[in-house]
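Quick one: the structure is below, and I'll ask about it shortly.
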Amino acid sequence: MERGVLPLSSVGAFDLQSTVESGQSYLWSRADGRMYESTGPYGGDAWYETTARVEGEPAVVRVRQVGDRLEWESSVDAGPILRERLRLADDLPAIRAAAPGDDVVESAFDAYWGMHLVRDPPVPSLISFICSAQMRVARIHGMQEALREAYGTPVEFDGRTCHAYPTADQLAATTEDALRDLGLGYRAPYVLETARMVADGDDPVTGDLPYEEAREALTRFVGVGDKVADCVLLFSLGYLEAVPLDTWIRTTIEEYYPDCDRGNYADTSRAIRTALGGEYAGYAQTYVFHYLRTGETTE
DNA sequence: TGCCAGGCGGATT
DNA sequence: AATCCGCATGGC
């Protein structure tokens, strides 16, 4: 077991709970089992766990926030993994400065200041957001736990057995019925077919494609439309301008940005992206999503 | 109960 | 290109 500390003094504001419990990533779990049960800044120094692959070998990474530092435990050096996965290098003040000063955006930044975007590994991100269609956040998370336990490589850590997120090869070897038995419903064939595509060598990483071309390209995977593609671009592939148009943000557009509703995904996307400041529009969107979904009245 | 959830694929027009 | 429809499942 290795242990380490990442001081957050150079990172600035950081809020681990909001970052991993805001519905961006479904690849983390709370060690105390209380995922999504409470909201608000600085989640009581709870431990969170995920798995990462280092040169193909899965490892458990455990982390908690205590004030202005992150403490981690892992079988590998988790520092670089956490810096990447939690986007610790992001400059939140600069990102906020690029956003509009609208009330809803300002309130969202104030409510969850310190929330970072995540950078999930591409294939788990792709699979988990295929599962997200017409599904609540907690259940999407539950599905990923089920997939890990059913198909993921067992990893011994701290006296118990964890399971890595399954690879495309592992998922491609199952059946639609087995996935339905895990509760995936009509998403089961989508997950299976996309896993087969990836296992056969079709790589979801879009390289240096421009944003709109990258979004179009990702929709070649079964179960991936414009919205899921935007989630993968934003939460895994580093396209911070991507604004996933889900039911929540469509409601927000109706209420706060009615001029941005252009009747179709591509044009509405372009308009709301501009309204949210362009380059970092997805950051603002993620704050607004989390704020409206969980925090508007209870914060 | 009926409605909804970070929608998508396929058919029709 | 736009619209309509069917699709699993659990929580409220």
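Order of the sequence lines sets the chain letters (A, B, ...), proteins ahead of strands, with each chain counted from 1. Both backbone and side-chain heavy atoms feed into the values below; hydrogens, waters and symmetry mates do not.
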Plane angle bin for A/H116 and A/Y283 - parallel if under 30°, tilted between 30 and 60°, otherwise perpendicular = perpendicular
Within the pair A/S132 and B/dA5, is there a side-chain N or O less than 4.0 Å away from OP1 or OP2?
-> no
Same cluster (ILVMFWY, side-chain, under 4.5 Å), A/V20 and A/W47 | no
All N/O pairs under 3.5 Å across the protein-nucleotides 10-13 of chain B interface:
none

Under 4.0 Å from any atom of DNA chain B, heavy atoms only: list the residues of residues 212-226 of chain A that qualify, in numerical order.
-> A/F221, A/V222, A/G223, A/V224, A/G225, A/D226
Test: A/E71 and A/R69 ion pair at under 4.0 Å | yes
Are A/P189 and A/V222 close enough that some pair of their side-chain heavy atoms sits under 4.5 Å apart?
-> no
Write down the distance between OH (A/Y36) and C1' (B/dA5), rounded to a whole number of angstrom.
-> 14 Å
A/D246 has an atom CG; how far is it from atom P of B/dG7, in whole Å?
-> 6 Å
May I ask you to test the A/L182-A/L147 pair for a side-chain heavy-atom distance under 4.5 Å?
-> yes
Under-3.5 Å N/O pairs linking protein and nucleotides 2-4 of chain C:
none

Does A/Y239 share a hydrophobic cluster with A/Y265, counting links as ILVMFWY side-chain heavy atoms below 4.5 Å and allowing steps through other members?
-> yes
Residues two or more places apart in sequence or in another chain: which of them pass salt bridge (charged side-chain N to carboxylate O under 4.0 Å, His left out) with A/E106?
-> A/R96
What integer number of Å spans the P atoms of B/dG6 and C/dC5?
-> 24 Å
Only one of A/R85, A/E49, A/E21 forms a side chain to side chain contact (heavy atoms under 4.5 Å, CB included) with A/W28, so which one is it?
-> A/R85
Sort me out a list of protein N/O and nucleotides 6-9 of chain C N/O pairs below 3.5 Å, or just none if empty.
| residue | atom | partner | partner atom | Å |
| --- | --- | --- | --- | --- |
| C/dA8 | OP1 | A/R180 | NH1 | 2.6 |
| C/dA8 | OP1 | A/R180 | NH2 | 2.8 |
| C/dA8 | O4' | A/Y186 | N | 3.2 |
| C/dA8 | N1 | A/R187 | NH2 | 3.4 |
| C/dA8 | N3 | A/R187 | NH2 | 3.4 |
| C/dT9 | O2 | A/R139 | NH1 | 2.9 |

Answer yes or no as to whether B/dG6 has its base stacked against A/F289, where stacking requires a ring-centre separation under 5.5 angstrom and planes under 30 degrees apart.
-> yes
Drop me the distance from A/T251's OG1 to A/Y256's OH, to the nearest 0.5 angstrom.
-> 11.0 Å
State whether the side chain of A/R262 and the backbone N or O of A/D259 hold a donor-acceptor pair below 3.5 Å, judged by distance alone.
-> yes
Return all side-chain donor-acceptor pairs below 3.5 angstrom for residues 128-139 of chain A, not counting sequence neighbours, or 'none' if the list is empty.
| residue | atom | partner | partner atom | Å |
| --- | --- | --- | --- | --- |
| A/S128 | OG | A/P124 | O | 2.8 |
| A/S128 | OG | A/S125 | O | 3.1 |
| A/S132 | OG | A/F129 | O | 2.7 |

Find the distance A/Y265:OH to C/dA1:C1' and express it as a whole number of Å.
-> 18 Å
Identify whether the distance between the nearest side-chain nitrogen and carboxylate oxygen of A/D90 and A/R87 falls below 4.0 Å.
-> yes
Atom NZ of A/K227 to atom P of B/dA5: distance rounded to whole Å?
-> 12 Å
With respect to A/L70, which candidate in A/Q65, A/R83, A/R64 satisfies the side chain to side chain contact (heavy atoms under 4.5 Å, CB included) definition?
-> A/Q65
Nearest-angstrom distance, P atom, C/dA8 to B/dA11 | 16 Å
Between C/dG10 (P) and A/H141 (NE2): distance, integer Å | 18 Å
Length of the CD1-P vector between A/I253 and B/dG6, whole Å | 16 Å
In whole Å, what is the span from the CG atom of A/D120 to the C1' atom of B/dG6?
-> 14 Å
A/I127 CD1 - B/dG7 P separation (whole Å) = 17 Å
Can you check salt bridge (charged side-chain N to carboxylate O under 4.0 Å, His left out) on A/R273 and A/E212, steps first, answer last?
-> CA-CA 12 Å; A/R273 201 158 69 243; A/E212 290 191 351; 2.9 Å; yes
